[in-house]
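Notes to accompany the following structure.
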There are 2 protein chains.
Amino acid sequence: MPRTVKARADVLPALAEVFREYGYEGASLSLIGQRTELGKGSLYHFFPGGKEEMANAVLDEIDGWFETRMFKPLRDEADASAAIRAMLADTLSYFRSGRRVCLVGALALGDARDRFAERINVYFAAWRDALASALVRQGLDESEARPLAEDAVALIQGGLVAARAMDDPSLFERLLARLETRLLPPAKS
Amino acid sequence: MPRTVKARADVLPALAEVFREYGYEGASLSLIGQRTELGKGSLYHFFPGGKEEMANAVLDEIDGWFETRMFKPLRDEADASAAIRAMLADTLSYFRSGRRVCLVGALALGDARDRFAERINVYFAAWRDALASALVRQGLDESEARPLAEDAVALIQGGLVAARAMDDPSLFERLLARLETRLLPPAKS
DNA sequence: GTCAGATTGTACTGATCAGTACATTCTTGA
DNA sequence: TCAAGAATGTACTGATCAGTACAATCTGAC
């Protein structure tokens, strides 16, 4: 039954975008239906648990993407600096220069926070820890790497808020460019 | 008719807290009624424009608080460093070490963004510009002050997101402490 | 072709939403 | 004391919410 799997996975990007744009509570089933081009029958066929299962499926996909694409390289790649540069580039493109919101961050601020609290926590902690690991392999002490990674994750999230608030994607780009100079070791080639 | 004015103003703190906790759409009138201990009759008596007028009243109060308490001193106070230190201390206490969310930031990420887009934009821009002004008076070039102020505002917003996401108020405190060392001139007394 | 099961559309449910209408109660100034 | 108007409680409106039920349709294996 390849079609079942395909159809459910096909819906996830549209689903994610609805949650990103409207938040958990704001993403009504009628809106979800429009964006995914699926009726209620199909939606509840694929996601018997309703909205909560939809959001969890989206979060699963996001977790998977960040884990394999960013966190794992940050933890494991031999060239830590390259992994950090790749992380920044991926961050820029994933969030569309700040035009796209971080769903996890939006959930953290919104009214559905408690419902996904554990997942939200894990996502942020994983990002911070993976980045700190890369910084340590770059030669920093744990005691320097930890705070720097903490700053970086917060700066990225805040950059998304600020870029959206001021409707200025270039702000997010500038933020990431400056962050790169703080995260990479000075004047190596 | 002093009582009218008093009653309306008395409701604003509770109103603000509801919007902060549940977002604009999530703050239902029944919830607002409970928290403010006002029935629908009273709420629509004080705010004939409904929820939107309530949110605008709250934003007015927030704007006023930040303007007089933080932005104006940052722009005008003779001792720029003292104003920056005061800003950081006020930020810490206002947001309750990250336990309290920034309503403006939450609105920026949420589904009611378009409704308050202009106000949100102005709030962020005012903070950045006021801080940049203080940095310039501290001796920085405009070209250094601008990016640093931009970073600071984003870091604060991101700190609120991250502190809430990881349920760790001390994270917000650490962030602000490190930010202070970046904003104040090194080793003066 | 046929049939089991996957998929889908439609019509419901009861709850809750923002907002309105309005009669009642309270407060205040004279 | 008493009216004017401020303040409030209650009962509504129609819309929309998440979720359910179920019959109709489609699909692929045989």
Side-chain angles (χ1 to χ4, degrees), chain A residues 1-60 103 106-107 110-116 119, chain B residues 1-59 103 106-107 110-116:
Chain A
M1 58 195 80
R3 196 156 148 273
T4 303
V5 175
K6 182 172 167 291
R8 191 184 198 265
D10 279 348
V11 163
L12 287 182
L15 209 44
E17 222 53 49
V18 180
F19 282 124
R20 259 189 278 266
E21 285 178 40
Y22 297 92
Y24 181 74
E25 308 282 2
S28 72
L29 280 184
S30 77
L31 198 55
I32 291 172
Q34 286 175 240
R35 298 297 196 87
T36 59
E37 293 181 306
L38 248 42
K40 271 192 182 180
S42 308
L43 248 19
Y44 275 88
H45 176 71
F46 289 126
F47 307 97
K51 255 173 89 168
E52 182 151 356
E53 185 172 343
M54 296 179 208
N56 272 310
V58 167
L59 288 173
D60 283 341
L103 175 57
L107 286 178
D111 52 342
R113 185 184 76 113
D114 294 344
R115 205 187 288 260
F116 305 104
R119 306 197 63 146
Chain B
M1 59 196 78
R3 195 158 147 273
T4 302
V5 174
K6 181 172 166 296
R8 191 184 196 264
D10 279 347
V11 162
L12 288 181
L15 209 44
E17 223 51 50
V18 180
F19 282 125
R20 259 190 278 266
E21 286 178 40
Y22 297 92
Y24 180 74
E25 309 280 3
S28 71
L29 281 184
S30 76
L31 197 56
I32 291 172
Q34 287 175 239
R35 298 299 196 87
T36 59
E37 294 181 304
L38 246 43
K40 271 192 182 180
S42 307
L43 284 173
Y44 276 89
H45 176 72
F46 289 126
F47 307 97
K51 255 174 87 167
E52 182 150 357
E53 186 173 342
M54 296 179 207
N56 273 310
V58 166
L59 287 174
L103 176 57
L107 286 178
D111 52 341
R113 187 184 76 111
D114 293 344
R115 204 187 287 261
F116 306 104

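Sequence lines set the chain letters: A, B, ... in the order given, protein chains first and strands last, and positions in each chain run from 1.
- At whole-Å resolution of the value, CZ in B/Phe46 and C1' in D/dG5 are 13 Å apart.
- Two residues are said to be in side-chain contact when any heavy atoms from C-beta on lie closer than 4.5 Å; B/Leu15 and B/Phe46 fail this criterion.
- Between the side chain of B/Arg35 and the backbone N or O of B/Val18, no donor-acceptor pair lies under 3.5 Å.
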Contact state string [nucleotides 9-23 of chain C, B base, S sugar-phosphate only, - no protein heavy atom under 4.0 Å] | BB------SBBB---
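- Taking a cutoff of 4.0 Å between a charged side-chain nitrogen and a carboxylate oxygen, A/Glu53 and A/Arg115 do not qualify as a salt bridge.
- The line from CD1 of B/Ile32 to CZ of B/Phe19 is 4.5 Å long, rounded to the nearest 0.5 Å.
- Going from atom NE2 of A/His45 over to atom C1' of D/dT27 covers 12 Å, rounded to whole Å.
- At a threshold of 4.0 Å, the pair A/Arg119-A/Asp60 counts as salt-bridged, since one of the basic side-chain nitrogens sits closer than that to a carboxylate oxygen.
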